[in-house]
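We use all heavy atoms of the structure for the numbers below, so side chains are in, but hydrogens, waters and symmetry mates are not. Ligands are counted one by one from 1 in listed order, and the atoms in each one are counted from 1 as well. All figures in this text were calculated on a predicted structure; none of them were measured in a lab.
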Amino acid sequence: MGRYRYILSYGIRDSWKYARDGWGIALHRICSRTGSFPPSLAHYFVMKYSRIGDVVLDPFSGKGTAPLEACLNGRIGVGNDLSPEAYVLTRAKVRPVPKRRVLEWIDYAERRLDPSSYEVSEVDDDVRAFYSNYTLRQILAVRDLIDEIDDEDLAIFIKAMMLGILHGPTKIHLSVRCSHSFSMAPGYVKRYVKENGVKKPKRDVLKCLRIKAERVFKDGIPSVKGFAYMNDARSLPIEDESVDLVVTSPPYFNMQTL
Ligand SMILES: C[S@@+](CC[C@H](N)C(=O)[O-])C[C@H]1O[C@@H](n2cnc3c(N)ncnc32)[C@H](O)[C@@H]1O
């Protein structure tokens, strides 16, 4: 125990705890996810313990908060997460595409989208619990259009934006009103919808995506690009010596859900 010193965060003069709510560029908020640390915390450690050009790694990067703060501050942010959804969010943050390309793709998708040929009866009942058939058909059509994208960074970025609107409480969220940071239990949602006569919203998916894009790019994107991996942290394809700083919050024991 003697080797470690525990410090209370409020005791640090320039602590991240004093940052205002919502601190950090809008790209951080592309999608909510439980268990994330605030951007101000990542910023604090990146600035304090690394220099410009350093490699900053988060082996359990979740939604990519630490790698994004690293890239924003001239470091090379590297993120890794075993969860495919976390990988998409991390990669969107360390390899974002310009706003123009996203808007061009949405224009293209609006011309191509044909939800009428999609059958929602093939979708798992637990997924249908969240969406009106009208919205779900569009989600399926958008998914197929994303699959056609050649540029992987663009495809990942659009996926990350879709993850950000798939469920939540506002008018740009596609599901019945629910939490935006975790997916609620389908059984609960089914019961709630039935007992309270809740109408599943009919959304124009690409319109919601366009609004999301306007918000996400509000404060720009980092000029430095980083890297994202989807590996078990115990077998990362990275040499120890190539990393200058690790900023991370590991999972609780036995908490990997894959
Ligand atoms: C507490 S969260 C990290 C949150 C992150 N700091 C953020 O701001 O979003 C821990 C992450 O570890 C990931 N994880 C769990 N076991 C893992 C493993 N063996 N290898 C890589 N990632 C793992 C989970 O998917 C989860 O995203």
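- Each of the following atoms of ligand 1 lies closer than 4.0 Å to a heavy atom of T65: 7 (C), 8 (O), 9 (O).
- Sorted by first and then second residue, the salt bridge (charged side-chain N to carboxylate O under 4.0 Å, His left out) pairs involving residues 152-178 (not counting sequence neighbours) are R91-E152, R91-D153, R95-D153.
- No side-chain donor from either of S36 and T65 sits under 3.5 Å from a side-chain acceptor of the other.
- Looking at P250 next to ligand 1, no N or O pair under 3.5 Å apart turns up.
- Rounding to the nearest 0.5 Å gives a distance of 8.5 Å between CD1 of I30 and CG of L163.
- Polar contact with ligand 1: present for F37 (N/O pair, distance under 3.5 Å).
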Query - ring-ring contact (aromatic ring centres under 6.0 Å, His included) evaluation trace for Y49 with Y44 - result: CA-CA 9 Å; Y49 297 107; Y44 177 88; 7.2 Å; no

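- Each of the atoms 7 (C), 9 (O) of ligand 1 lies under 4.0 Å from some heavy atom of K63.
- Across every non-hydrogen atom of N231 and P237, the tightest pair is ND2-CD, 3.6 Å.
- Remark: ligand 1 atoms within the under-4.0 Å shell around heavy atoms of N80 are 21 (C).
- Checking H43 against S40 by side-chain atom types alone, no donor-acceptor pair falls below 3.5 Å.
- Of all atoms in ligand 1, numbered sequentially from 1 with element shown, those under 4.0 Å from a heavy atom of G35 are 1 (C), 4 (C).
- A side-chain N or O of D58 and one of T248 form a donor-acceptor pair less than 3.5 Å apart.
- Every atom of ligand 1 is numbered from 1 in the order shown, and the set under 4.0 Å from a heavy atom of S83 is 25 (O).
- For atom 25 (O) of ligand 1, the nearest non-hydrogen atom from the set T34, L82, D81, L89 belongs to D81.
- If you number the atoms of ligand 1 from 1 as listed, the ones under 4.0 Å from a heavy atom of N231 come out as 20 (N), 21 (C).
- Interatomic distance, CG of D204 versus OH of Y134, reported as 5.5 Å (0.5 Å rounding).
- If you number the atoms of ligand 1 from 1 as listed, the ones under 4.0 Å from a heavy atom of R33 come out as 25 (O), 26 (C), 27 (O).
- Here is the list of ligand 1 atoms found below 4.0 Å of a heavy atom in S61: 5 (C), 7 (C), 9 (O).
- Of the polar atoms of P251, none of the N or O atoms is found under 3.5 Å from an N or O of ligand 1, judged by distance alone.
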